[in-house]
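Here is the naming used below: chain letters follow the sequence lines, and residue numbers restart at 1 for every chain.
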Number of protein chains: 2
Amino acid sequence: MARKSDVTRPRLSREAIVAGAVALADAEGLDAVTIRRLAQEHGVTPMAMYWHFSDKDSLLDGLAEHLIEAVKLPAPTDAPWDAQLREVLAAFLVAVRPHPALANLTLRRILAAEPGLEIAERVLELLQRAGFTPARGAEVGTFLVCSIITLVAADPSPAPPRPEVDEDQARRDKLARLASLPPERYPRVIAAGPALVACRDGDDYFDLNIDLLVEGVRGVRRR
Amino acid sequence: MARKSDVTRPRLSREAIVAGAVALADAEGLDAVTIRRLAQEHGVTPMAMYWHFSDKDSLLDGLAEHLIEAVKLPAPTDAPWDAQLREVLAAFLVAVRPHPALANLTLRRILAAEPGLEIAERVLELLQRAGFTPARGAEVGTFLVCSIITLVAADPSPAPPRPEVDEDQARRDKLARLASLPPERYPRVIAAGPALVACRDGDDYFDLNIDLLVEGVRGVRRR
DNA sequence: TCAACCCACTGTACGACGTACACGACCCGC
DNA sequence: GCGGGTCGTGTACGTCGTACAGTGGGTTGA
């Protein structure tokens with residue numbers, strides 16, 4: 001097997017594997033994250049991965065944990081609960097947004113490790129302060145976090161392939177298809193076409209919808 | 001190859017394949033939906049599928065379309081926009097909820113066929129009536145639909161395996177893990193444990209969060 | 001009536017995937 | 001110098017999607 005270099009290769013490690021996997025997922029999508037592919041990129045046999053991870057699923061656990069660890073939870077202040085809630089959700093968004101291909105992995109793994117528990121505790125505390133019972137708070141909090149993840153994950157094409165020229169082209173094609181719909185049946189879809197097809201690289205989309213969530217929480221507070 | 005019956009087998013069709021795939025996904029999760037497995041269940045060679053679908057992805061397209069077609073859009077009334085929006089979102093939820101394993105497929109395929117376009121048009125119309133510009137309406141509407149899907153898809157374990165006794169056991173284990181956390185660090189996580197771990201089989205969770213979304217839309221309306 | 005045709009399906013094969021199992025090589029303290 | 005962890009190799013198996021080349025049976029035109 002060809003080594004990465006002729007001299008000694010820097011020892012493999014959990015962290016190095018995870019970092020490589022994250023980079024790979026960012027560049028080519030989650031489907032490109034393969035035991036064999038990662039091994040190859042580290043100049044190593046596929047089976048070498050199994051010393052550091054018991055199986056592929058635990059590798060994905062590692063990726064999710066990596067994302068969740070990156071959340072920089074803002075320090076508690078004496079600002080009102082809704083302002084603080086917005087900050088917490090925004091912090092989560094900021095951490096996850098660079099890795100849309102991995103966002104979905106965090107969906108079911110937030111409560112699996114300490115950093116995620118910290119986030120959950122914080123959200124539940126703010127929701128309790130807002131007047132929710134623990135059960136209601138859990139339901140709302142679960143939904144909030146899931147929504148942030150979806151906000152990020154729902155955006156891109158299933159898996160961004162190599163050339164970003166292609167991606168643009170695909171978007172243009174999609175827009176053209178919308179534009180060619182019968183205008184008497186779908187006037188608003190056509191009018192909104194550019195916004196429906198656009199990639200969410202501005203902050204507007206995220207700001208607006210985080211606001212929507214927080215406003216929603218305020219709205220259902222009394223129940 | 002063994003036929004499903006000794007006598008002539010009823011001709012294969014797109015619809016039959018999709019129906020089988022939906023049933024399979026409901027029973028054993030999306031991972032069980034395999035070209036080979038479907039072929040076997042129809043008493044047919046794997047390659048026979050490729051007469052009806054160009055590849056697996058177009059089969060998944062078919063599944064998504066099947067779900068979206070099932071949405072029973074309520075007739076327009078002269079009720080206020082927010083009440084109607086709630087009805088539309090609820091209708092979407094009702095159609096998707098029986099098939100959590102397939103919900104995510106609809107995320108990027110709503111605008112691919114006519115029934116989905118109809119839904120989009122309707123949502124955009126209501127949002128326009130609420131005072132949103134087409135662009136803003138598109139951003140909010142996209143998020144609303146994605147949220148409904150997430151509401152359904154985020155719930156179950158990755159893929160429900162065979163015995164539902166196991167599923168209950170897994171839930172109990174997870175709850176026990178939460179309960180054994182240090183109470184001084186995670187008091188609210190522990191208090192909310194049952195609600196965090198519970199399966200969302202009651203309507204409460206969905207009703208509450210649809211309300212949250214509609215209230216959120218009302219909240220961000222003026223911008 | 002019979003050859004021609006096409007639809008729906010078969011058969012075989014290939015490369016990629018996750019991973020079980022057995023086997024080294026390296027490095028450490030004793 | 002040597003025995004036992006730590007880390008990695010080599011080989012193999014079963015499963016996946018699917019390319020490509022056949023093939024049989026129903027319909028059709030002469």
| query | For A:Thr34 and C:dC17, is the shortest distance between a side-chain N/O and OP1 or OP2 below 4.0 Å? | reply |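 Answer is yes, contact under 4.0 Å.
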| request: May I ask you to verify if any side-chain N or O of A:Arg36 is less than 4.0 angstrom from the OP1 or OP2 atom of C:dG18? | output: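 Checking C:dG18 against A:Arg36, no side-chain N or O comes under 4.0 Å of OP1 or OP2.
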Separation of [X] atom [atom1] from [N] atom [atom2], in whole Å?
X	N	atom1	atom2	answer
A:Leu12	D:dG8	CG	C1'	9 Å
B:Trp51	D:dA21	CH2	P	16 Å
A:His52	D:dG8	NE2	C1'	8 Å
A:Phe53	C:dA20	CZ	C1'	19 Å
B:Gln40	C:dC9	CD	P	17 Å
A:Lys56	D:dC16	NZ	C1'	13 Å
A:Asp31	D:dG17	CG	P	13 Å
A:Ile17	D:dC7	CD1	P	11 Å

Are the charged groups of [X] and [Y] less than 4.0 angstrom apart, N to O?
X	Y	answer
B:Asp203	B:Arg97	yes
B:Glu28	B:Arg37	yes
B:Glu118	B:Arg122	no
B:Glu121	A:Arg188	yes

| query | A:Met47 or A:Val33: which one's nearest nucleotide on DNA chain C is closer to the 5' end? | reply |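 Between the two, 5'-proximity favours A:Val33.
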| query | What nucleotide, of D:dT9, C:dA8, D:dC7, holds the atom closest to the side chain of B:Arg11? | reply |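 The nucleotide sitting nearest to the side chain is C:dA8.
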